[in-house]
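The next block holds one structure in the form of C-alpha cells; read it before the comments.
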Amino acid sequence: MTQHNDKTPPLILTPHDWHDYRLLDSGAGRKLEIVKNYRFIRPEPQALWQPHLDPQIWENDIDGEFISGAEEGGKWALSKNLPEQWSCQFENIRFFAMPTPFRHFGFFPEQSSHWQWCAEHIKKHRAKTNTPPRILNLFGYTGIASLHAAKAGAEVTHVDASKKATTLAFANRDHANMHDAPIRYITEDARSFCAREARRGRRYHGIILDPPKYGRGTKGEVWRMEDDIAPLLKTLKNLLADEPLFIVLTSYAIRASFLALHHLLADACAELGGSVQSGELAIQEHRHDADHERGRRIGQAIFARWQSNPD
Ligand SMILES: C[S@@+](CC[C@H](N)C(=O)[O-])C[C@H]1O[C@@H](n2cnc3c(N)ncnc32)[C@H](O)[C@@H]1O
C-alpha cells in the first residue's frame, strides 16, 4: 500500500541555485523581481504584508510592471530598452525569458525544486541499470523540465497541445544547444496521446504533469482539471514501467489545497506501494547572496509527488 496518512507533513519547496532569477521584495499586493539584468514589478495578491525595501528602491530602474486591469486581466508597461526576449540560465541549461501576456516570464522558477528532485531519481536509475529511464512530461509548455531531465540522463517525451508552446519548447532546446538530446516533442491532447501510448504498450519510468485549470486539446477537446485529472491518472498508471520511479503532479490556479492533490495521487497509486509527498512550490525573498538572509515565502502552486522508493 502507498504510505500516506494525515500526519504526513506538507513540504514547502523553495528554489535554490538560481543566479538569473531573484525575488527581491514583496508587499502591498506586489512583488519586485530580478530576471537576469532586468527588474520587474508584478501583482501578488498574497503579499498582504508591507514591503521591506524603500519605495524608491522599488520604483528605481524598473524595466517592466504588470498593471492589473479589466482588459484581459491587465498588461505590461515595459521600458523601451527591454529586449523582446533574453537569455537566462539554470544550472547548465539556457532558455529564453520574456514578459508574456499571461504575466509570467516564460519560465517558472519555483519548479526548479521538482527538476532537481527528478534529476536525482534519473541519475540513480542510470547508476543502477546503466540505461536511460523514460520520462513523460505532459502539458510541457516551455520544456525546461524536459531539458533538465534529458541533461540528467533520461529519454524524454514532451507533450503539449499548443503549437505555440511547442515552438517555445523547440526554441529553448536550440538555445540550450540540445538539438541532439533524446527528446520527442509531440503536439497533441495529453489524454489522447496517453490513451494511444497505453494501447501501444509504451511504458515510462517517470511522469511529470502540470495541467492547467482549463485548456484545450489540438482538436478543441476541453480539459477541465476537476473533471479530467482523475481519469488521466488512471490511464497514467497503465503507462508506468515495471520498476517506476516517480509521478510529479503540480497545479496552479485551482481552488484547492495541496491535500486534494495528495489524496488524489495516493488513490491513483494505491496499489503501487511507495509514498506520496505534497505541499506548495514557493518563491522566497532573497535580498543578498547569503542563504541565511532569505526572507518571506510566497506559495505559487500546489503539488503532490509519488515515488516508488523512499529518499
Ligand atoms: C501550466 S502550463 C505548464 C507549464 C510547464 N510546467 C512549464 O514549466 O513550462 C499548461 C500547458 O498545458 C497545455 N495544455 C492545455 N490543455 C492541454 C491538453 N488538453 N493537452 C495537452 N496540453 C494542454 C497548454 O498549452 C500549456 O502549455
Side-chain angles (χ1 to χ4, degrees), residues 13 15 18 20-21 35 85 88 90-91 93-119 135-151 156-173 175-176 183-197 206-233 235-236 239 246-254 256 261 280-281 283 300-305:
L13 302 177
W18 278 95
D20 287 353
Y21 171 80
V35 184
Q85 59 180 35
C88 280
F90 179 76
E91 294 179 343
I93 296 170
R94 276 188 308 170
F95 54 87
F96 287 117
M98 78 272 319
T100 71
F102 313 106
R103 74 168 77 178
H104 62 70
F105 297 115
F107 69 102
F108 304 90
E110 62 278 2
Q111 297 239 353
S112 63
S113 306
H114 281 340
W115 306 337
Q116 290 173 321
W117 187 81
C118 294
I135 305 298
L136 178 59
N137 183 15
L138 295 173
F139 310 94
Y141 195 29
T142 64
I144 305 174
S146 300
L147 298 176
H148 200 275
K151 262 282 197 267
V156 182
T157 302
H158 170 110
V159 181
D160 199 292
S162 152
K163 273 195 187 132
K164 237 179 162 175
T166 311
T167 304
L168 175 60
F170 276 133
N172 280 331
R173 179 200 64 179
H175 189 54
I183 308 175
R184 271 199 304 162
Y185 290 88
I186 314 272
T187 307
E188 192 175 348
D189 176 66
R191 286 158 298 176
S192 313
F193 175 77
C194 291
R196 217 180 44 252
E197 287 290 86
I207 301 175
I208 302 167
L209 68 162
D210 179 4
K213 179 178 159 63
Y214 177 87
R216 281 196 181 267
T218 29
K219 298 188 180 118
E221 308 93 318
V222 172
W223 165 271
R224 266 198 201 87
M225 181 76 175
E226 314 87 81
D227 300 333
D228 298 319
I229 187 64
L232 177 61
L233 287 177
T235 310
L236 293 187
L239 287 184
F246 59 77
I247 301 176
V248 183
L249 168 62
T250 307
S251 182
Y252 289 77
I254 61 165
L261 296 191
E280 293 191 13
L281 297 182
I283 48 176
Q300 302 292 298
I302 55 172
F303 76 91
R305 61 192 188 188

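Just follow the structure's listing: the first ligand is 1, and inside any ligand the first atom is 1.
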Over 12 non-hydrogen atoms of neighbours within 6.0 angstrom of CZ in Arg224: no

Going by heavy-atom distance to [atom], choose the closest among [options].
| atom | options | result |
| --- | --- | --- |
| atom 7 (C) of ligand 1 | Leu138, Ile144, Asn137, Thr142 | Thr142 |
| atom 14 (N) of ligand 1 | Trp115, Phe95, Phe139 | Phe139 |
| atom 24 (C) of ligand 1 | Thr166, Asp160, Val248 | Asp160 |
| atom 15 (C) of ligand 1 | Ser112, Pro212, Gly217 | Pro212 |

Test applied, side-chain hydrogen bond (donor to acceptor under 3.5 Å, both in side chains); reference residue, His148; option that passes from Glu91, His114, Gln111: Glu91

Can you list the ligand 1 atoms lying under 4.0 Å from a non-hydrogen atom of [X]?
| X | answer |
| --- | --- |
| Ser162 | 25 (O) |
| Gly215 | 15 (C), 16 (N) |
| Glu188 | 20 (N), 21 (C) |
| Asp189 | 18 (C), 19 (N), 20 (N) |

Test ring pair (Phe, Tyr, Trp, His ring centres under 6.0 Å) applied to Trp18 and Phe107, step by step: CA-CA 12 Å; Trp18 278 95; Phe107 69 102; 5.5 Å; yes

Nearest heavy-atom neighbours spanning Ser162 and Ala165: OG-N, 2.9 Å

Minimum-distance pair of heavy atoms, taken over all atoms of Pro15 and Pro109: CB-O, 3.5 Å

Glu221 touching ligand 1 at heavy-atom level, < 4.0 angstrom: no

4.0 Å heavy-atom contact, Pro211 with ligand 1: no

Backbone of His175 reached by a side-chain donor or acceptor of Arg94 within 3.5 Å: yes

Backbone of Phe96 reached by a side-chain donor or acceptor of Asn172 within 3.5 Å: yes

Single hit among Phe193, Phe170, Tyr141 for ring pair (Phe, Tyr, Trp, His ring centres under 6.0 Å) with Tyr185: Phe170

In the protein, what heavy atom is nearest to [atom], and what distance, to one decimal place, separates them?
| atom | answer |
| --- | --- |
| atom 5 (C) of ligand 1 | Asp210 OD2, 3.5 Å |
| atom 8 (O) of ligand 1 | Phe108 CD1, 3.4 Å |
| atom 22 (N) of ligand 1 | Ala161 N, 3.1 Å |

From CG (Leu249) to CD1 (Ile302), nearest 0.5 Å: 8.0 Å

Ligand 1 to Ala190 polar contact by distance, N or O atoms, under 3.5 Å: yes

